[in-house]
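Numbers here simply count residues along the sequence, with the first being 1.
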Amino acid sequence: MKGLILVAGKGTRLRPFSLARAKTLIPVANKPLLEYCIESLEKIGINEIGIVLNPLQKDICDYLDNRPADNTSITLIYQPIAKGIGDAVRQASDFLKTEPFILLLGDNLINESLLTLKDAVLSSSINGAVMITEVSNPSEYGIAHVVNNQIIKVEEKPKNPASNLAIIGAYAFDSNVLTAINHIQPSSRGEYEITDAIQWLINHQYNISYQITNKEYSDVGTIERWLEANSWVLDSMNRSEVITDPTTIIKNCKLIPPVYIDKNCVLTNSIIGPYVSVSEGAVIDHCRIQDSIILENVHVSDVSSLITHSIFGKGTKIEKLHLESASIECIFFDDTKIISK
């Protein structure tokens, strides 16, 4: 069985962070989203993976080139124009051939194992399987209508949803889905929707199963969801633990778990946590930070207010920020400089 990860999205709601890096390289708990996808496939024994990307996403190529060698074979597949998930799968048809595959969206984090999806499609009677979860805002998702334990209808972002069961970014298919994609037309958004392909399979008497998950899940498409994902991933790693790299220097600090501090950082005279990830090369002094994401090579010192629900972009430098507010929430884009006298 093969794996297919789609990463060609532009990440417009994460700009300007997604202008400096591909959306799928956004780090959660100091690890890119793409790496979580690769690891989730490897955990269920899938070591032949295709990645569908835009030809201009050179940073993804660089990341994969520098990724530590393992037993996984990765094939790059290019989608020059974003025309939807269905079109992305069609671009991968030469890679997939007639083999079954797991399909993942590269900006989704799913805490559930993919093994049930894999096993479903490897059985003789199932042609596709989707992972679903209950959501409070179903009109923002592809929705599955389940009756008597069978999916009878799927819709993409319906105005009047038939259920609150959202199809999240993990699917499994046999090769019949390629036939379905070749029979559907673009939606009103101009995209070949994977939900339309699934509905085509249902209408033509193919068997589509589902797995309901109650575990954590995030579509990391906005700043708010990025912070939420960072928190639950830190929790799932070990909510009572502070993880630090041996190369990092920590002096006169209080660390409140969960906290994850990457390599070559220097932290002094500060209170860090809970729910803080600190990326490589950060320098923090005389600060109080919680529920926040610190990207690479950030320097922040002498901030009087509690910093919470904040993101510090790569290369940001903040010094002597004395405010009247007891706490602040800030989004500092890459290379922001604030140095007060």
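Side-chain N or O atoms of K317 include none that pairs as donor or acceptor with a backbone N or O of N297 at under 3.5 Å. N230 contributes a side-chain N or O that, together with a main-chain N or O of A29, makes up a donor-acceptor pair within less than 3.5 Å. A donor-acceptor pair under 3.5 Å links the side-chain atoms of D174 to the main chain of N176, judged by distance alone. Judged by distance alone, the side chain of S123 and the main-chain N or O of V121 form no donor-acceptor pair under 3.5 Å. Looking at E193, its side chain never comes within 3.5 Å of a backbone N or O of G142 through a donor-acceptor pair. Using modelled atom types, no side-chain atom of T179 and backbone atom of V177 make a donor-acceptor pair closer than 3.5 Å. Although no hydrogens or angles enter the test, the distance criterion places a donor-acceptor pair under 3.5 Å between the side chain of N207 and the main chain of S125. Between the side chain of S218 and the backbone N or O of V220, no donor-acceptor pair lies under 3.5 Å.
Among residues two or more places apart in sequence or in another chain, the salt bridge (charged side-chain N to carboxylate O under 4.0 Å, His left out) test is passed with K58 by none. A search for ring-ring contact (aromatic ring centres under 6.0 Å, His included) contacts involving H204 returns W200, not counting sequence neighbours. Remark: E241 pairs with no residue by the salt bridge (charged side-chain N to carboxylate O under 4.0 Å, His left out) rule, at least two apart or across chains. For D285, the side-chain hydrogen bond (donor to acceptor under 3.5 Å, both in side chains) partners two or more places apart in sequence, or in a different chain, are T268, N269. When the salt bridge (charged side-chain N to carboxylate O under 4.0 Å, His left out) test is applied to E42, the partners found at least two apart in sequence or on another chain are R67. Scored by the salt bridge (charged side-chain N to carboxylate O under 4.0 Å, His left out) test, D291 finds no partners at all (sequence neighbours excluded).
The side-chain heavy atoms of L4 and I77, taken from C-beta on, include a pair separated by under 4.5 Å. At least one side-chain heavy atom of L64 sits under 4.5 Å from a side-chain heavy atom of L76.
For the atom pair CG of L117 and OH of Y210, the computed distance is 13.0 Å after rounding to the nearest 0.5 Å. Taking CD1 of I261 as the start and CG of N30 as the end, the distance is 9.5 Å to the nearest 0.5 Å. Going from atom CD1 of I85 over to atom CG of L105 covers 4.5 Å, rounded to the nearest 0.5 Å. Between the CG atom of N149 and the OG atom of S209 there is a distance of 11.5 Å, given to the nearest 0.5 Å. Taking CG of L34 as the reference point, atom CG of L53 lies at 9.5 Å (rounded to 0.5 Å). Between the CD1 atom of I256 and the CD1 atom of I272 there is a distance of 9.0 Å, given to the nearest 0.5 Å.
Pairs of residues two or more places apart, or lying in two chains, that qualify as ring pair (Phe, Tyr, Trp, His ring centres under 6.0 Å) and include a residue from residues 216-266 are F17-W226. Pairs of residues two or more places apart, or lying in two chains, that qualify as side-chain hydrogen bond (donor to acceptor under 3.5 Å, both in side chains) and include a residue from residues 154-172 are E156-T195. Every pair tested for ring pair (Phe, Tyr, Trp, His ring centres under 6.0 Å) that includes a residue from residues 261-304 fails, sequence neighbours excluded, so the list is empty. Counting only residues at least two apart or in different chains, ring pair (Phe, Tyr, Trp, His ring centres under 6.0 Å) contacts with residues 23-65 are absent.
Nearest heavy atom pair, residue Q199 against residue V154, reads OE1-N, 2.7 Å. Taking all atoms of both residues into account, the shortest heavy-atom contact from I74 to I51 is CG2-CD1, 3.7 Å.
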Show which side-chain atoms of residues 93-101 pair as donor or acceptor with protein atoms under 3.5 Å away, not counting sequence neighbours.
| residue | atom | partner | partner atom | Å |
| --- | --- | --- | --- | --- |
| S93 | OG | R90 | O | 3.0 |
| K97 | NZ | D94 | O | 3.0 |
| E99 | OE2 | K2 | NZ | 3.4 |

N/O donor to acceptor pairs below 3.5 angstrom from side-chain atoms of residues 320-333, sequence neighbours left out:
| residue | atom | partner | partner atom | Å |
| --- | --- | --- | --- | --- |
| H322 | NE2 | D302 | OD1 | 3.1 |
| H322 | NE2 | D302 | OD2 | 3.3 |

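Counting non-hydrogen atoms of neighbouring residues, nucleotides and ligands closer than 6.0 angstrom, the CD atom of E39 exceeds 12 such neighbours.
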